[in-house]
Amino acid sequence: MPAVTVENPLTLPRVAAPAAAHARPVVAVATAPSGFEGEGFPVRRAFAGIDYTHLDPFIMMDQMGEVEYAPGEAKGTPWHPHRGFETVTYLLDGTFVHRDSHGGGGVINDGDTQWMTAGSGLLHIEAPPESLVMAGGLFHGLQLWVNLPKSDKMMVPRYQDIGGGKVKLLTSGDGGALLRLIAGDLDGHQGPGITHTPITMMHVTVNPGAELTLPWRRDFNALAYALAGRGAAGAEGRPFRMGQTVVFGNGGDSITIRADESQESRSPNFEVVLLGGLPIREPMRHYGPFVMNTHAELAQAFEDFQAGRLGSIPAGER
C-alpha cells in the first residue's frame, strides 16, 4: 500500500492551504470494531457507533483486510441483492471480480475503484479470482455505501470502472502529502467518479511529520478514516490512528490532518481516506442490502427480491 503513487509528488498540481480559513473542529473519534463479511473475510466497520446525522449521505464503510491469504484461504461474498444506494469498492492491494444478474461487472486490481449504482435493484457477487484463491496473497480494500436521493432510488443500475490511472493525483503545498482524488471537486481539480449526490472522496498519504490542510465546502460534512499509521486531526491536534474515524464539525471551510513523526514499521506513512458530502436530509431506512426512505419500501424491496424481480443467478452458478 498504496498501489497508485508517484516518484516525485512535487511534479503534481498543488492544493494550497486556504488563506484565513476557518478550521473545522473535531467532534468525535470512533474506533471501528472488527467483524467478518460474506464468506468470512475480515472487515473493520468504520462508521459503527457514529450518528447518521454526521454521515449523511454516507451509510457505512468497511475496511476489508489488510490480510495476507495463504493458498486456499481467500474469500468473497455469495450472491446477494442491492437496492436504493451505491457501493464504491476501492482496492489497494489484490484483485476482486464483480458480477451481477444483469450481466454487468468487471475486475478491479491495485488502485482501481468500482462504483456500482444499484438503483432499482440487482443481484451481485464479489469474489477473488481463482489465481488468488490458489496461490494466496495480499488483499486490502474499502467498500463505501453512498445513499441515493428518493428521486434516484429506482434508477436503472449502472457501473463506473475507475482505473487507478484515472484518479486525479495532487499534492499539498509543500509536497508532504499525496492526494488521490477519486470523486468530487477539490480546489478546482475534479476526480473521475460521477456522483448523484455531491461528494468528495480521496485517499491521502501523509509523510511523517507533515501537515495537510485542505479547503472544504461549508455545506459538506467531513470524515477522515485512518487506513494505516497514526496522526492527529483538527487545529486542536486530536489523535487518531489506524481503524479510527474522525468526525469533523460544521461551520468551517477547511480540514486539517497531520502525521506523527514516528510511524509503524509496516506502514512508513499515514494513510487516510477523506470523505465529504452534501447531506440528502431525507428519511433513511436501512435493512441488510436495501436502503430506502420508508419501512414500506423496504418491505417491497424484500418482497421483490423473494419474487425474483431483482434478477436471477446465472445458470450454473446457483
Side-chain angles (χ1 to χ4, degrees), residues 1-5 15 24 26 28-32 34 43-48 50 54-66 86-94 96 108 110-115 139-146 162 164 167-172 177-186 189 191-193 195 199-207 210 212-214 216-217 220-234 238-248 255-259 263-264 267 269-277:
M1 183 176 66
V4 179
T5 189
V15 179
R24 292 193 176 206
V26 173
V29 174
T31 300
S34 297
V43 298
R44 288 187 177 91
R45 307 287 190 191
F47 296 162
I50 300 175
H54 295 306
L55 300 176
D56 184 14
F58 308 110
I59 301 163
M60 60 163 279
M61 187 168 72
D62 284 347
Q63 181 180 7
M64 306 180 293
E66 178 178 9
E86 301 181 286
T87 66
V88 183
T89 305
Y90 174 50
L91 203 60
L92 289 92
D93 296 290
F96 230 23
I108 55 174
D110 303 349
D112 295 344
T113 301
Q114 186 176 80
W115 203 296
F139 180 80
H140 190 197
L142 283 177
Q143 186 168 95
L144 172 70
W145 287 16
V146 185
I162 304 171
V167 170
K168 184 67 176 177
L169 297 179
L170 307 164
T171 191
S172 54
L178 174 63
L179 288 66
R180 303 164 191 84
L181 184 60
I182 298 169
D185 177 90
L186 180 67
H189 302 282
T195 68
I199 72 168
T200 295
M201 177 182 182
M202 73 186 84
H203 168 200
V204 304
T205 298
V206 188
N207 294 339
L212 174 66
T213 296
L214 298 175
W216 211 255
R217 280 180 50 167
F220 273 26
N221 61 3
L223 303 159
Y225 177 75
L227 290 164
R230 51 182 175 252
R238 184 82 171 267
F240 76 115
R241 53 178 170 75
M242 182 184 72
Q244 292 188 317
T245 299
V246 172
V247 179
F248 290 92
I255 60 172
T256 296
I257 61 171
R258 63 187 62 84
Q263 294 293 323
E264 304 164 343
S267 177
N269 302 303
F270 193 30
E271 306 285 347
V272 179
V273 172
L274 296 177
L275 297 168

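Side-chain atoms are counted along with the backbone in the values below, which use heavy atoms only and exclude waters and symmetry mates.
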**OP:** Check the pair R258, L212 against side chain to side chain contact (heavy atoms under 4.5 Å, CB included), reporting the backbone distance first and the verdict last.
**Re:** CA-CA 6 Å; R258 63 187 62 84; L212 174 66; over 6 Å; no
- Checking side chain to side chain donor-acceptor pair (under 3.5 Å) for the pair W145/E86: CA distance, chi angles, key distance, verdict? CA-CA 6 Å; W145 287 16; E86 301 181 286; over 6 Å; no
key: Derivation of the side chain to side chain donor-acceptor pair (under 3.5 Å) call for Q244 and Y225   = CA-CA 6 Å; Q244 292 188 317; Y225 177 75; over 6 Å; no
* Should L223 and F248 be marked as a side chain to side chain contact (heavy atoms under 4.5 Å, CB included) after you check the CA-CA gap, both sets of side-chain angles, and the distance that decides it? -> CA-CA 6 Å; L223 303 159; F248 290 92; 6.0 Å; no
Side chain to side chain contact (heavy atoms under 4.5 Å, CB included), that's the test. Do V29 and R238 meet it? Break it down for me.
CA-CA 8 Å; V29 174; R238 184 82 171 267; 3.7 Å; yes
Would T89 and M64 count as a side chain to side chain contact (heavy atoms under 4.5 Å, CB included) here? Give the steps. CA-CA 10 Å; T89 305; M64 306 180 293; 4.0 Å; yes
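I182 is not listed as a side-chain neighbour of T200, based on a closest heavy-atom distance of 4.5 Å or more. In this structure the side chain of R44 reaches within 4.5 angstrom of the side chain of M242, judged on heavy atoms. Looking only at side-chain heavy atoms (C-beta outward), V146 and T195 stay at 4.5 Å or farther from each other. Considering only heavy atoms from C-beta on, V204 comes within 4.5 Å of I257 through its side chain. Two residues are said to be in side-chain contact when any heavy atoms from C-beta on lie closer than 4.5 Å; F58 and I199 meet this criterion. Under the 4.5 Å side-chain criterion, counting only non-hydrogen atoms from C-beta, W115 is in contact with I162. Counting only heavy atoms from C-beta outward, the side chains of M202 and L214 approach each other to under 4.5 Å.
Using a distance-only test at 3.5 Å, with no hydrogens or angles considered, a donor-acceptor pair links the side chain of D112 to the main chain of G164. Listed for the D93 side chain is no donor-acceptor partner under 3.5 Å among the backbone atoms of F139. Looking at T213, its side chain never comes within 3.5 Å of a backbone N or O of T256 through a donor-acceptor pair. Using a distance-only test at 3.5 Å, with no hydrogens or angles considered, no donor-acceptor pair links the side chain of N221 to the main chain of G276. Although no hydrogens or angles enter the test, the distance criterion places a donor-acceptor pair under 3.5 Å between the side chain of T171 and the main chain of A177.
Rounding to the nearest 0.5 Å places CG of L91 at 11.0 Å from CD of Q143. A distance of 13.0 Å separates CG of L144 from CD of Q63, quoted to the nearest 0.5 Å. Going from atom CH2 of W216 over to atom CG of L186 covers 7.0 Å, rounded to the nearest 0.5 Å. Put simply, CG on L181 and CG on L169 are 9.5 Å apart, with the number rounded to the nearest 0.5 Å. Distance CZ/R180 to OG1/T113: 11.0 Å, rounded to 0.5 Å. How far CG of N207 is from CG of N269: 5.0 Å, rounded to the nearest 0.5 Å.
Here the closest heavy-atom approach between residue A46 and residue T245 is recorded as O-OG1, 2.8 Å. The minimum heavy-atom distance linking V88 with M201 is given by the pair CG1-SD, 3.9 Å. Across every non-hydrogen atom of L274 and A224, the tightest pair is CD2-CB, 3.5 Å. Residues I50 and A30 approach most closely at CG1-CB, 3.8 Å, considering heavy atoms. What you find for P192 and K168 is that their closest heavy atoms are CD-N, 4.2 Å. Contact record, G141 with L92: CA-CD1, 3.8 Å, taken as the closest heavy-atom pair.
A salt bridge links R45 with D62: the distance from a Lys NZ or Arg NE/NH1/NH2 to an Asp or Glu carboxylate oxygen falls below 4.0 Å.
For the side chain to side chain donor-acceptor pair (under 3.5 Å) test, residues two or more places apart in sequence or in another chain that qualify with Q114 are H98, D161. Partners of R217 according to the salt bridge (Lys or Arg N to Asp or Glu O under 4.0 Å) rule, which considers only residues two or more places apart in sequence or in another chain, are D219.
The aromatic rings of H203 and Y90 lie perpendicular to each other, with more than 60° between the two planes, well past the 30° mark.
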